[in-house]
Trainee: 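Let me give you the structure first, and then I'll get to my questions.
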Amino acid sequence: MKTLNIALAKGRLAEDSMELFKQCGMDMSFVKAKSRKLIFANSDNTITVILVKPSDVPTYVERGVADIGVVGKDTLIESNTDLYEMLDLGFGKCRLCVASPKKAVANPITCVNLRVATKYPNTAKAYYQAKGINIDIIKLNGSVELGPLVGLSDVIVDIVESGKTLVENGLEITDEICSISARLVVNKVSLKTKGEIIRPIIADIRQYQGGKADI
Amino acid sequence: MNKFKNIPYGLQDYLPLEYSLKENIENKILSSFKNAGYQMIETPILEYMDVFSISDIGFAAEDMFKLSDSNGSLLVLRPDITMPIARMAATKLSDKDLLKLCYCGNVFHLKGEKKEGYKQVTQIGIELMGDQSASADAECLILAINSLREAGLNDFQIEIGQTDFFKGLMIEAGLNESDSEQIRRFVEMKDMLSIEIMLDEKSVDLSIKNDILELPTLYGGIEILDSAKKYSKNPLCKKAIDNIEKVLSILKEYQLLEYISIDLSIVQSVHYYTGIVFKGICPNLGYPLLTGGRYDNLIKNYGKDMPAVGFAMTSKHILIALEREGKLI
């Protein structure tokens, strides 16, 4: 019997994914997301679930230690990994945006390039390269909104859900790069070698989504 | 700490045990090539960068290790062996109309080879040059299957695709080259959503749009060819299917069909492939352990117009697959 290995991003995305799998008839009760364990197997060993950092999901799937995974489109764009992106799961929705201070700040003379603070350096580089704008990337790991406030950067590139954090920090969206949602990704070899397990799951989710769209 | 403990990132030492296993597998595979009438050759590890910088089908400069010659010419550590062999065939063996060549040598990737990040790996492969027929394609596939079996693997599949099938659809849709390239990337990721959005933007005809949207699902057993036949109204698509069917009928005679599956959405990212393309996969490895295909437009870049087909595999990947199957020792 083959085992299906699933990589889920710890947190909201994992909870939503598990709920979706449940709705599609998979028993996911063996996964205790609240515990400190990182790997869960069901009783007959047909499914294992690993809980990993969101930005690591593409890596686990690309290298084949997980056959399928659920991950945000933002993480996928940033990681530029070689895998199948098979379904838009419709949850985890937000937008990847450029935001800058409402009150324009005079640019320092010594700073010709636009300074961009972001958690997504690869995405930001590609975006500005396509526009022909020279930038300096300032890689931050959180609270990116601080960048322009303390003079660290001119703009930020970050995901925006409600926009509340931006408003509270005097920033406004100046450009929308793309919209983001959770995607089901599949390892390229697993789709073939474990196709008889993976294909029905994809079909079930599609059907469930179709049914939901009708309501 | 002893500073000699570190070697450059992405490289490895082969200690006696792993080396002897690697050598053993390479020798077994090479002798299966030689028994099939293929002659071993060797090209230099350093080449002029121009050999790999052919427009459209070459390697990106930023992916290659660069050095300079004493006269200032730009040299690279070869990222691929097929291109140097094509150069050799067009310049040193140009009096021969049919060439059956095999090789075993190291290739180098500045950014690390895609999957495991190795910057240096040993590739073993063959090139069959001067034969455009489906039987040459079949000969290549037979050798590919036999060499993997020779290496000790049993649980593997060779997936076959055809680049003309995709090209036919793109012509039918009236998409230009850069749009086709964008669609190719989406098909490679089976990202149907993006394909649909793009085809809508380009207002592609509905029936062709549906054909293209089905492309990422055209994989599976040989029966896939039947569902693909409804595309055959386009001559290039029809040619692609005919080619695969001819190849399969030969493999059937050799009773090798059990190793074959079809994936018409394989649109290999190596740009020099022009016809049949294939890759070997096995359940324990998340990436292909063998890749190959036809490249009829490559050799003419070096001075002689000659069709060709070939494949290569990375011995390290075979070692990993065997170890995961518990068959290495």
Side-chain angles (χ1 to χ4, degrees), chain A residues 1-5 7 57-69 71 73 76-77 79-90 93 122 125-126 129-130 178-200 202-203 205-206 209-210, chain B residues 111-118 153 155-161 178 182 185-197 213 215-221 224 259-269 278-291 317 320-321 324-325:
Chain A
M1 194 65 199
K2 285 175 182 168
T3 305
L4 180 73
N5 301 304
V57 171
T59 310
Y60 282 86
V61 176
E62 185 187 34
R63 293 204 170 207
V65 285
D67 302 303
I68 67 174
V71 62
K73 179 72 177 169
L76 274 182
I77 301 174
S79 68
N80 190 27
T81 36
D82 189 16
L83 28 80
Y84 289 140
E85 183 185 326
M86 300 199 64
L87 285 177
D88 182 345
L89 298 177
K93 277 193 176 156
N122 298 331
K125 265 183 225 162
Q129 203 160 28
C178 60
S179 46
I180 303 291
S181 58
R183 306 295 161 102
L184 184 82
V185 294
V186 180
N187 175 274
K188 288 193 159 185
V189 168
S190 299
L191 182 66
K192 313 299 170 57
T193 56
K194 295 183 183 174
E196 72 280 10
I197 310 173
I198 297 172
R199 277 194 303 260
I202 291 170
I205 297 176
R206 263 212 196 104
Q209 285 179 327
Chain B
K111 290 178 180 166
E113 163 235 31
K114 252 180 149 180
K115 291 300 149 27
E116 300 275 358
Y118 304 122
L153 287 165
D155 192 8
F156 64 86
Q157 284 280 306
I158 306 281
E159 287 196 303
I160 299 180
S178 75
Q182 191 63 50
R185 279 199 209 126
F186 292 144
V187 171
E188 216 171 20
M189 294 187 300
K190 296 203 189 287
D191 182 355
M192 270 103 141
L193 188 72
S194 302
I195 298 174
E196 187 159 7
I197 292 170
L213 281 176
L215 188 61
T217 65
L218 285 179
Y219 61 90
I224 285 296
Y259 292 105
I260 301 294
S261 57
I262 307 287
D263 184 351
L264 288 171
S265 74
I266 301 186
V267 274
Q268 216 98 354
S269 41
F278 51 89
K279 51 187 177 189
I281 56 171
C282 71
N284 298 310
L285 209 59
Y287 46 86
L289 44 60
L290 178 149
T291 54
H317 294 165
I320 295 171
R324 291 188 186 165
E325 269 187 39

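The structure displayed is predicted, hence computed values, not measured ones. All chains are named by letter (A, B, ...) in the order of the sequence lines, taking the proteins before the strands, and each is independently numbered beginning at 1.
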Trainee: Is the number of heavy atoms from other residues, nucleotides or ligands under 6.0 Å of A:Tyr60 OH greater than 12?
Mentor: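 At most 12 heavy atoms, drawn from other residues, nucleotides or ligands, come within 6.0 Å of this atom.
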
Trainee: Using 0.5 Å steps for rounding, measure from the CG atom of A:Leu76 to the CG atom of B:Asp191.
Mentor: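 One gets 9.0 Å once the value is rounded to the nearest 0.5 Å.
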
Trainee: How about A:Lys2: does its NZ atom have over 12 heavy atoms from other parts shown lying under 6.0 Å from it?
Mentor: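 More than 12 heavy atoms, drawn from other residues, nucleotides or ligands, come within 6.0 Å of this atom.
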
Trainee: Does A:Asp82 form a side chain to side chain contact (heavy atoms under 4.5 Å, CB included) with B:Tyr287? I'd like the steps, not just the answer.
Mentor: CA-CA 10 Å; A:Asp82 189 16; B:Tyr287 46 86; over 6 Å; no

Trainee: Given the rule in the side chain to side chain contact (heavy atoms under 4.5 Å, CB included) test, do A:Lys192 and B:Glu159 qualify, once you have shown the distances and angles that lead to the verdict?
Mentor: CA-CA 9 Å; A:Lys192 313 299 170 57; B:Glu159 287 196 303; 2.6 Å; yes

Trainee: Hey, could you give me the NZ/CD1 distance between A:Lys188 and B:Ile281, rounded to the nearest 0.5 Å?
Mentor: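 Answer rounded to 0.5 Å: 11.5 Å.
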
Trainee: For residues B:Lys190 and A:Leu191, determine if any side-chain heavy atom of one lies less than 4.5 Å from a side-chain heavy atom of the other.
Mentor: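 Yes. Closest side-chain heavy atoms under 4.5 Å.
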
Trainee: For a quick test of reading the model, state the closest non-hydrogen atom pair linking B:Leu285 to A:Val189 and the distance between them.
Mentor: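 So the two residues come closest at O-CG1, 3.3 Å.
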
Trainee: Compare every heavy atom of B:Glu188 with every heavy atom of A:Tyr84, then report the nearest pair and how far apart it is.
Mentor: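 Looking at all heavy atoms of both residues, the shortest contact is CE2-O, 3.1 Å.
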
Trainee: Measure distances from B:Asn284 to the heavy atoms of chain A and classify the residue's part below 4.5 Å as side chain, backbone, both or neither.
Mentor: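 Neither part.
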
